[in-house]
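Below: one structure, written as structure tokens.
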Amino acid sequence: MAENETANGFTWPEVKENMKQIFTWSYYKEGFSGWDRSSYVWLAIGLVVIISTGLAHGLNYLSVMSMLGGAIGFTCTLAITANRRINGLLGFISAILISIVGFHSKNYSDIVMQMIYLVTLDLNFMFFGNAWQNRKIKPMNQRGWVLAVVTAIVAFILLYTLDTKILVSPRPIIDAFSATIGITGAILTVSKYRSQYWMWALQGIMSVSLWGLTALQGDGNWVLFATYILYLGNDVLGLFFSPWARAMKAAK
């Protein structure tokens, strides 16, 4: 390995430069510009829904954490759809906030999912964001399927064990399965497979079910329930009206 080179093949000066750019205006200008109009519209609608839902159910410590985590996390998903590396910073912040709510609600696998997002997506994009953003979007292939299946099997076994034997969640199956889908989607996102959006769509359905059930059982609030419904709308944009979709059309 060359001197000053990381295990991923990037030089430390490149990593440092990526981190320094986070504190510059140009980083945010690039991150929030060049999105499709549909993404900007969905962002505006989503923020109104998230804030309105939070205010309607009363303000307290957890509802504020939910609103902030939901709003920033929702913006993160739209940044991924726009193929913008700023999703790393947004995801890092939202993962911590949503984990706080998840711990209070005893959705322990959801916390693990958020932490895996933080490592595989957020920190990865913060350190190596330029390289990821410039990589080619790929169609699903045999290697991608093997990666997805192995990840899903291993993740579910470990998460279900966590929720039933170690910390004991009141919703072990749906909590573990929802997190499994999310972790698999994260791995496909890092690998730049366009099919990640099918996983995100399924994960969105599972998270809507998880947080809806959590709220009904009195262990959470409705903000994250509304947030994950909005995520489903972004999945549609990602599949059919985004740089990811156009890259696949161009490849045909």
Side-chain angles (χ1 to χ4, degrees), residues 42-78 90-91 93-118 152 155-186 197-238:
W42 194 236
L43 174 63
I45 293 172
L47 293 179
V48 170
V49 170
I50 290 169
I51 294 172
S52 299
T53 303
L55 293 176
H57 289 85
L59 287 179
N60 54 47
Y61 172 73
L62 283 175
S63 67
V64 171
M65 292 295 101
S66 296
M67 278 195 293
L68 290 175
I72 296 171
F74 177 59
T75 307
C76 169
T77 63
L78 286 165
L90 298 173
I93 298 170
S94 67
I96 294 174
L97 295 174
I98 293 175
S99 292
I100 293 173
V101 180
F103 181 78
H104 174 81
S105 304
K106 300 179 182 178
N107 289 333
Y108 301 117
S109 286
D110 199 78
I111 298 173
V112 174
M113 179 183 72
Q114 295 296 332
M115 292 300 100
I116 288 179
Y117 285 174
L118 190 150
F156 183 77
I157 292 173
L158 294 177
L159 292 171
Y160 185 73
T161 300
L162 171 71
D163 275 349
T164 57
K165 303 297 183 182
I166 302 175
L167 294 177
V168 186
S169 167
R171 296 163 289 273
I173 295 178
I174 190 172
D175 186 29
F177 187 64
S178 175
T180 295
I181 300 301
I183 292 168
T184 305
Y197 278 102
W198 293 109
M199 299 303 298
W200 291 134
L202 178 57
Q203 201 282 325
I205 293 172
M206 295 304 303
S207 286
V208 167
S209 303
L210 171 65
W211 286 101
L213 180 61
T214 299
L216 287 171
Q217 292 178 344
D219 287 329
N221 55 63
W222 292 99
V223 176
L224 292 181
F225 173 77
T227 298
Y228 281 107
I229 291 178
L230 294 166
Y231 280 16
L232 286 172
N234 178 63
D235 297 333
V236 173
L237 295 179

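Keep in mind it's a predicted model, so treat the numbers as computed, not measured.
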N107 side chain reached by W211 side chain, heavy atoms, under 4.5 Å: yes
Interatomic distance, L97 atom CG to I72 atom CD1 [nearest 0.5 angstrom]: 5.5 Å
Min side-chain heavy-atom separation Y61-I100 under 4.5 Å: yes
Side-chain heavy-atom pair H57, V223 within 4.5 angstrom cut-off: no
Side-chain donor/acceptor of S169 to backbone N/O of K106, under 3.5 Å: yes
Nearest atoms (heavy-atom pairs only) where L232 meets A201: CD2-O, 3.1 Å
S52 side chain vs V49 backbone, donor-acceptor pair below 3.5 Å: no
Distance, nearest 0.5 Å, that separates OG of S105 from CD1 of I98: 11.5 Å
Heavy-atom pair with the smallest gap, counting every atom of G102 and I111: C-CD1, 3.7 Å
Inter-residue atom distance F225.CZ - S209.OG, 0.5 Å rounding: 8.0 Å
Donor-acceptor pair, side chain of W42 and main chain of L230, under 3.5 angstrom: yes
Pairwise distance CD1(I183) to CD1(I116) - rounded to 0.5 angstrom: 3.5 Å
From NE2 (H104) to CE (M65), nearest 0.5 Å: 13.0 Å
Backbone of F74 reached by a side-chain donor or acceptor of T77 within 3.5 Å: yes
Y228 side chain reached by Q203 side chain, heavy atoms, under 4.5 Å: yes
Minimum heavy-atom distance G58-S63, with the two atoms named: O-OG, 3.1 Å
W200 versus A186, closest heavy-atom pair with distance: CH2-N, 3.4 Å
L68/I93 under side chain to side chain contact (heavy atoms under 4.5 Å, CB included): CA gap, chis, key distance, verdict: CA-CA 9 Å; L68 290 175; I93 298 170; over 6 Å; no
L118 side chain near M115 side chain, heavy-atom distance below 4.5 Å: yes
Rounded distance (nearest 0.5 Å) linking atom CG of L224 with atom CD1 of I229: 11.5 Å
Any donor-acceptor N/O pair, D175 side chain to L210 backbone, under 3.5 Å: no
Heavy-atom pair of closest approach, residues S207 and S178: OG-OG, 3.2 Å
Minimum heavy-atom distance between V101 and S66, given as atom pair plus value: CG2-OG, 3.5 Å
Sub-4.5 Å side-chain heavy-atom contact between I181 and I205: no
Within-4.5 Å side-chain heavy-atom neighbours: L216 and W222: yes
